[in-house]
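Here's the structure we're looking at; comments come further down.
Reckoned from all heavy atoms, side chains included, excluding hydrogens, waters and symmetry mates.
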Amino acid sequence: MSFFAQELIRRKRDGGALTDEELYWLVDGITDGTVTDGQAAAFAMAVFFRDLDARERVTLTQAMTGSGAVLDWGLPGPVLDKHSTGGVGDKVSLILAPLLAACGAYVPMISGRGLGHTGGTLDKLDAIPGYDSRPALDRMRAVVREAGCAIVGQTEELAPADRRLYALRDATGSVESIALIVASILSKKLAEGLDGLVMDVKTGSGAFMPERERAAELGRAIAEVAQGAGLRCTTLITDMDQVLGRTAGNALEVREALDVLRDGRGEPRLIEVTLALARAALELAGVDADPERVLASGEPAERFARMVSALGGPADLLEEPARHLAEAPVQREVPGGEGVVTRVHVRDLGLAVMELGGGRRGESDDIDPAVGLAEVAGLGEPAARLAVVHARDEASAERIGALVQAAFETGEQAPAPSPLVERI
């Protein structure tokens with residue numbers, strides 16, 4: 001059956017609902033190009049202003065999932081994944097994927113690059129020399145089977161409608177539509193052939209959606225659409241009112257993740273968020289494992305090393321990270337003052353990393369993997385030293401040091417911390 005794209009757009013613009021057949025037709029047209037860029041962008045804008053009802057959200061997501069390949073694993077354990085809406089210093093995926101694999105799950109984790117001030121998992125992995133973050137589908141399958149996990153980017157075969165629609169949303173100011181965010185995230189996750197998905201929706205000053213109610217709305221929407229599409233899903237809201245861990249910057253975050261993987265020890269908030277997500281994912285699959293004990297065992301580190309080697313990275317990354325991960329030539333402490341840290345403008349810290357060259361202003365920009373921030377102070381901690389800037393030159397270190405100082409507020413007593421993890 002054929003429809004007129006402009007009539008469907010007009011109906012949605014005026015607040016009407018689209019049928020399942022109409023939504024599938026639109027997605028087919030977005031995939032094969034018979035729906036023009038202008039029409040696809042107009043559809044996205046109509047959804048941005050008029051939203052989709054519960055049925056439409058599920059149908060759009062399923063249609064986008066079916067626009068490409070859908071994986072079928074046939075593995076002896078559950079296939080699980082996690083998705084985060086992103087935050088400054090969020091290197092949880094690097095720890096969680098091998099941790100779940102060590103607990104008996106298989107994790108085909110489709111990740112993305114940085115979005116604005118938030119770092120991207122693929123950008124972190126690209127700091128590892130030789131690591132192929134966009135392997136062919138067959139290679140990805142083989143790595144998941146052999147190592148238990150593969151953290152990679154979206155392949156051309158998976159949810160191609162999402163790639164085109166997202167680019168148009170990004171160019172036309174409709175990225176923030178919850179209905180379209182949900183369809184974008186879940187179409188890729190459903191295409192992975194998962195048995196369970198745990199969502200990590202960040203809230204706070206360093207998050208993509210800083211307002212808690214807006215973050216909770218997105219979390220509930222993802223869970224509802226996932227369940228409507230037949231995928232078990234749990235959503236956690238996690239706090240981003242301070243950097244997660246002690247580092248922000250690609251090679252620096254890989255180093256911090258490796259340190260945690262070796263023995264399960266690290267910055268307490270980073271460990272707590274990782275374990276909360278692991279427990280939620282394992283609960284979805286009915287896996288009886290203690291992720292805290294498994295993380296301390298060192299087996300997740302071995303899984304990570306196997307994944308890196310299988311995807312072209314160095315076989316001795318765990319043993320000799322300094323040999324392989326780039327290090328900035330200038331490292332300068334950022335002094336603070338008396339008292340303790342009372343507030344962190346985390347988004348500004350993310351922008352400081354971008355200013356150093358650790359993020360992209362435009363899609364074609366290169367990233368410097370070595371630069372960033374280390375030893376970042378947290379709320380309630382002494383304000384005498386706020387961070388260590390890793391930069392290419394003294395001028396950059398001095399300029400960014402001033403930005404870092406401005407991102408911290410200090411006083412005599414820190415406020416009560418926000419809840420770190422909440423399940424909705």
Side-chain angles (χ1 to χ4, degrees), residues 58 61 71 73-87 90-111 121 144 147-151 182 185-186 188-203 212 215-240 244 257 260-261 264 266 268-300 303-304 419-424:
V58 172
T61 301
L71 302 180
W73 291 96
L75 292 166
V79 180
L80 303 175
D81 196 5
K82 156 262 186 189
H83 182 84
S84 170
T85 55
D90 182 6
K91 70 280 294 175
V92 167
S93 291
L94 305 183
I95 306 166
L96 181 64
L99 171 58
L100 290 175
C103 289
Y106 293 85
V107 188
M109 185 176 283
I110 304 290
S111 296
T121 298
V144 170
C149 59
I151 311 174
V182 170
I185 291 170
L186 288 179
K188 295 187 286 286
K189 296 305 179 183
L190 287 163
E192 291 176 14
L194 301 179
D195 296 311
L197 170 69
V198 60
M199 278 297 307
D200 177 8
V201 181
K202 302 292 187 187
T203 187
R212 193 202 174 283
E217 181 186 356
L218 174 60
R220 287 190 293 269
I222 289 172
E224 289 167 2
V225 173
Q227 289 160 9
L231 174 62
R232 285 174 287 179
C233 178
T234 295
T235 298
L236 304 183
I237 304 291
T238 66
D239 175 64
M240 272 302 308
L244 192 57
V260 172
L261 285 167
R269 293 172 69 257
L270 174 60
I271 302 299
E272 184 176 343
V273 170
T274 302
L275 291 176
L277 291 165
R279 292 185 181 107
L282 295 170
E283 182 181 306
L284 281 172
V287 175
D288 183 15
D290 179 358
E292 185 172 8
R293 180 190 61 77
V294 173
L295 185 58
S297 73
E299 185 180 348
R303 297 279 186 163
F304 187 84
L420 179 57
V421 179
E422 296 179 81
R423 184 176 293 210
I424 62 170

Ignoring hydrogens, what is the shortest heavy-atom contact between [X] and [Y]? Give both atom names and the distance.
X	Y	result
Cys103	Val287	O-CG1, 3.6 Å
Pro300	Leu261	CB-CD2, 3.7 Å
Gly266	Val260	CA-CG2, 4.2 Å
Ser111	Ile151	OG-CG2, 3.5 Å

Electrostatic pair Arg303-Glu299, nearest N-O below 4.0 angstrom |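 Salt bridge between Arg303 and Glu299, a charged N being under 4.0 Å from a carboxylate O: yes.
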
Results of side chain to side chain contact (heavy atoms under 4.5 Å, CB included) for Ala105 - residues two or more places apart only |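 Pro78, Leu80, Leu100.
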
Mind checking what makes side chain to side chain contact (heavy atoms under 4.5 Å, CB included) contact with Gln227, not counting sequence neighbours?
->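 With sequence neighbours excluded, Gln227 shows a side chain to side chain contact (heavy atoms under 4.5 Å, CB included) to Ala223, given in chain and number order.
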
Quick one, [X] and [Y] - any side-chain contact, counting heavy atoms below 4.5 Å?
X	Y	answer
Arg269	Asp239	yes
Val92	Leu277	yes
Glu292	Arg279	yes

From Ile95 atom CD1 to Thr274 atom OG1, the distance as rounded to the nearest 0.5 Å =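 Those atoms lie 4.5 Å apart.
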
Positive for side chain to side chain contact (heavy atoms under 4.5 Å, CB included) with Leu190, one of Leu71, Thr61, Val225, Ile185 =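 Of the listed options, the one satisfying the test is Thr61.
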
For residues 191-203, dump all side-chain donor-acceptor pairs below 3.5 Å to protein atoms at least two apart in sequence or in another chain.
| residue | atom | partner | partner atom | Å |
| --- | --- | --- | --- | --- |
| Glu192 | OE2 | Ile110 | N | 3.2 |
| Glu192 | OE2 | Lys189 | NZ | 3.4 |
| Asp195 | OD2 | Val79 | N | 2.8 |
| Asp200 | OD1 | Thr238 | OG1 | 2.5 |
| Asp200 | OD2 | Lys202 | NZ | 2.9 |
| Lys202 | NZ | Thr238 | OG1 | 3.1 |
| Thr203 | OG1 | Pro210 | O | 3.0 |
| Thr203 | OG1 | Arg212 | N | 3.3 |

